[in-house]
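These notes are about the structure you will find just below.
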Amino acid sequence: MGQTLEKLKVTISGIPHEALDGMWPIIVDHIVKGLEYGHGELDVEDIYRGLKARDMQLWSAFQSDGECVASLVTEIFYFGKKKVMRFIVIGGGHMADWLDNIDILQEWAKENGCERVEAYCRDGLARRLEKYGYKKLYNLCGVDL
């Protein structure tokens with residue numbers, strides 16, 4: 001973590017675990033916004049606990065003036081035989097400005113032994129990710145009991 005890559009006017013940075021508490025007030029609204037598109041599997045406290053426990057990783061997008069405009073939480077796990085990094089929640093704005101820097105996440109995942117990067121996402125984000133080689137792997141269906 002702590003790596004930075006800039007291609008456009010927005011930089012994506014991995015936020016070191018030691019900086020989480022200082023960044024939390026800045027990014028918590030991004031996380032809350034992203035979780036609004038979920039189905040209640042996680043709440044903001046779950047994300048915070050996962051980040052504090054180092055089970056999840058925090059990434060943020062910064063404009064050249066230093067303003068944090070978006071945040072992304074990832075998680076690394078084994079899915080069967082594959083080590084995978086999954087995008088758990090994305091929130092904030094200016095996606096068109098920072099998504100071209102997504103390769104920093106992929107490079108970090110590869111350096112950490114991952115064979116795949118996946119995203120839980122709605123159709124709109126899935127279409128945006130196609131440009132970067134992502135393809136639909138599964139349809140996830142469920143019913144609340």
Side-chain angles (χ1 to χ4, degrees), residues 1-24 26-64 66-142:
M1 301 294 292
Q3 298 170 337
T4 301
L5 176 71
E6 186 170 0
K7 286 186 179 175
L8 299 173
K9 57 187 168 187
V10 176
T11 302
I12 297 177
S13 292
I15 307 302
H17 286 72
E18 303 77 35
L20 175 62
D21 289 331
M23 281 295 294
W24 190 252
I26 297 166
I27 60 93
V28 67
D29 288 341
H30 299 158
I31 302 303
V32 169
K33 182 177 179 181
L35 289 171
E36 289 174 0
Y37 296 100
H39 297 277
E41 301 90 352
L42 297 168
D43 62 26
V44 71
E45 290 84 15
D46 295 323
I47 298 295
Y48 182 76
R49 279 192 303 272
L51 291 168
K52 285 296 278 187
R54 298 179 182 229
D55 294 330
M56 297 177 183
Q57 303 80 41
L58 176 63
W59 305 84
S60 290
F62 297 92
Q63 290 181 326
S64 57
E67 179 185 357
C68 183
V69 295
S71 295
L72 165 72
V73 176
T74 59
E75 177 180 45
I76 293 178
F77 66 100
Y78 282 91
F79 185 52
K81 296 177 181 175
K82 290 196 178 273
K83 190 174 183 182
V84 176
M85 182 175 83
R86 184 172 287 160
F87 300 170
I88 301 298
V89 62
I90 300 172
H94 302 273
M95 187 176 297
D97 292 333
W98 63 264
L99 202 53
D100 277 343
N101 292 319
I102 201 167
D103 59 335
I104 187 78
L105 302 169
Q106 295 169 185
E107 290 169 16
W108 186 85
K110 190 173 183 178
E111 289 171 6
N112 283 274
C114 294
E115 299 174 62
R116 178 186 294 152
V117 176
E118 300 177 342
Y120 281 133
C121 60
R122 298 176 302 129
D123 290 340
L125 180 56
R127 283 190 297 274
R128 286 183 181 214
L129 290 173
E130 286 175 357
K131 174 181 174 183
Y132 307 98
Y134 289 73
K135 63 182 180 179
K136 184 183 269 189
L137 300 176
Y138 305 100
N139 288 322
L140 178 64
C141 299

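Hydrogens, waters and symmetry mates play no part in the numbers below; they use all other heavy atoms, side chains included. Remember, predicted model here, so these are calculated numbers, not experimental data.
In this structure Asp29 satisfies the side chain to side chain contact (heavy atoms under 4.5 Å, CB included) test with no other residue, sequence neighbours excluded. With sequence neighbours excluded, the residues satisfying side-chain hydrogen bond (donor to acceptor under 3.5 Å, both in side chains) with Lys131 are Asp100. Listed by chain and residue number, Asp21 satisfy the side-chain hydrogen bond (donor to acceptor under 3.5 Å, both in side chains) test with Lys52 (two or more places apart in sequence, or in another chain). For the side-chain hydrogen bond (donor to acceptor under 3.5 Å, both in side chains) test, no residue two or more places apart in sequence or in another chain qualifies with Glu67. Considering only residues two or more places apart in sequence or on other chains, Glu75 meets the side-chain hydrogen bond (donor to acceptor under 3.5 Å, both in side chains) condition with none of them. Among residues two or more places apart in sequence or in another chain, the side chain to side chain contact (heavy atoms under 4.5 Å, CB included) test is passed with Val44 by Trp24, Val28, Ile31, Val32, Leu35.
For Trp59 and Thr74, the side-chain atoms include at least one donor-acceptor pair closer than 3.5 Å. At a cut-off of 3.5 Å, with distance as the only test, a side-chain donor of Arg86 or Tyr120 sits close to an acceptor on the other residue. Donor-acceptor pairing under 3.5 Å is lacking for the side chains of Ser60 and Ser13.
Using a 30° and 60° split on the angle between ring planes, Tyr134 and Phe87 fall in the tilted class, from 30° to 60°.
In this structure, Glu115 pairs ionically with Lys82, as a charged nitrogen and a carboxylate oxygen lie closer than 4.0 Å.
To the nearest 0.5 Å, the span separating CG on Leu42 from CD1 on Ile47 amounts to 4.5 Å. Going from atom CD1 of Ile12 over to atom CH2 of Trp98 covers 5.5 Å, rounded to the nearest 0.5 Å. Note: Leu51 CG to Ile15 CD1 = 10.5 Å, rounded to the nearest 0.5 Å. Of the inter-residue distances, the one linking Leu99 atom CG with His94 atom NE2 reads 14.0 Å to the nearest 0.5 angstrom. A distance of 12.0 Å separates NZ in Lys83 from CZ in Phe77, rounded to the nearest 0.5 Å. For the atom pair CE of Met23 and CD of Glu18, the computed distance is 13.5 Å after rounding to the nearest 0.5 Å.
Counting heavy atoms from C-beta outward, Ile76 and Trp108 have side chains that approach closer than 4.5 Å. Between Glu130 and Lys135, every side-chain heavy-atom pair lies at or beyond the 4.5 Å cut-off. Under the 4.5 Å side-chain criterion, counting only non-hydrogen atoms from C-beta, Leu20 is in contact with Leu58.
Across all non-hydrogen atoms, the minimal contact from Cys114 to Met85 is SG-N, 3.8 Å. Here the closest non-hydrogen pair linking Gln106 and Tyr132 is OE1-O, 4.5 Å.
At distances below 3.5 Å, at least one donor-acceptor pair connects side-chain atoms of Lys33 with backbone N or O atoms of Gly92. A donor-acceptor pair is defined here as one N or O able to donate and one able to accept, closer than 3.5 Å; such a pair exists between the side chain of Asp46 and the backbone of Asp43.
For Lys110, the NZ atom counts as loosely surrounded, since its 6.0 Å shell holds 12 or fewer non-hydrogen atoms of other residues, nucleotides or ligands.
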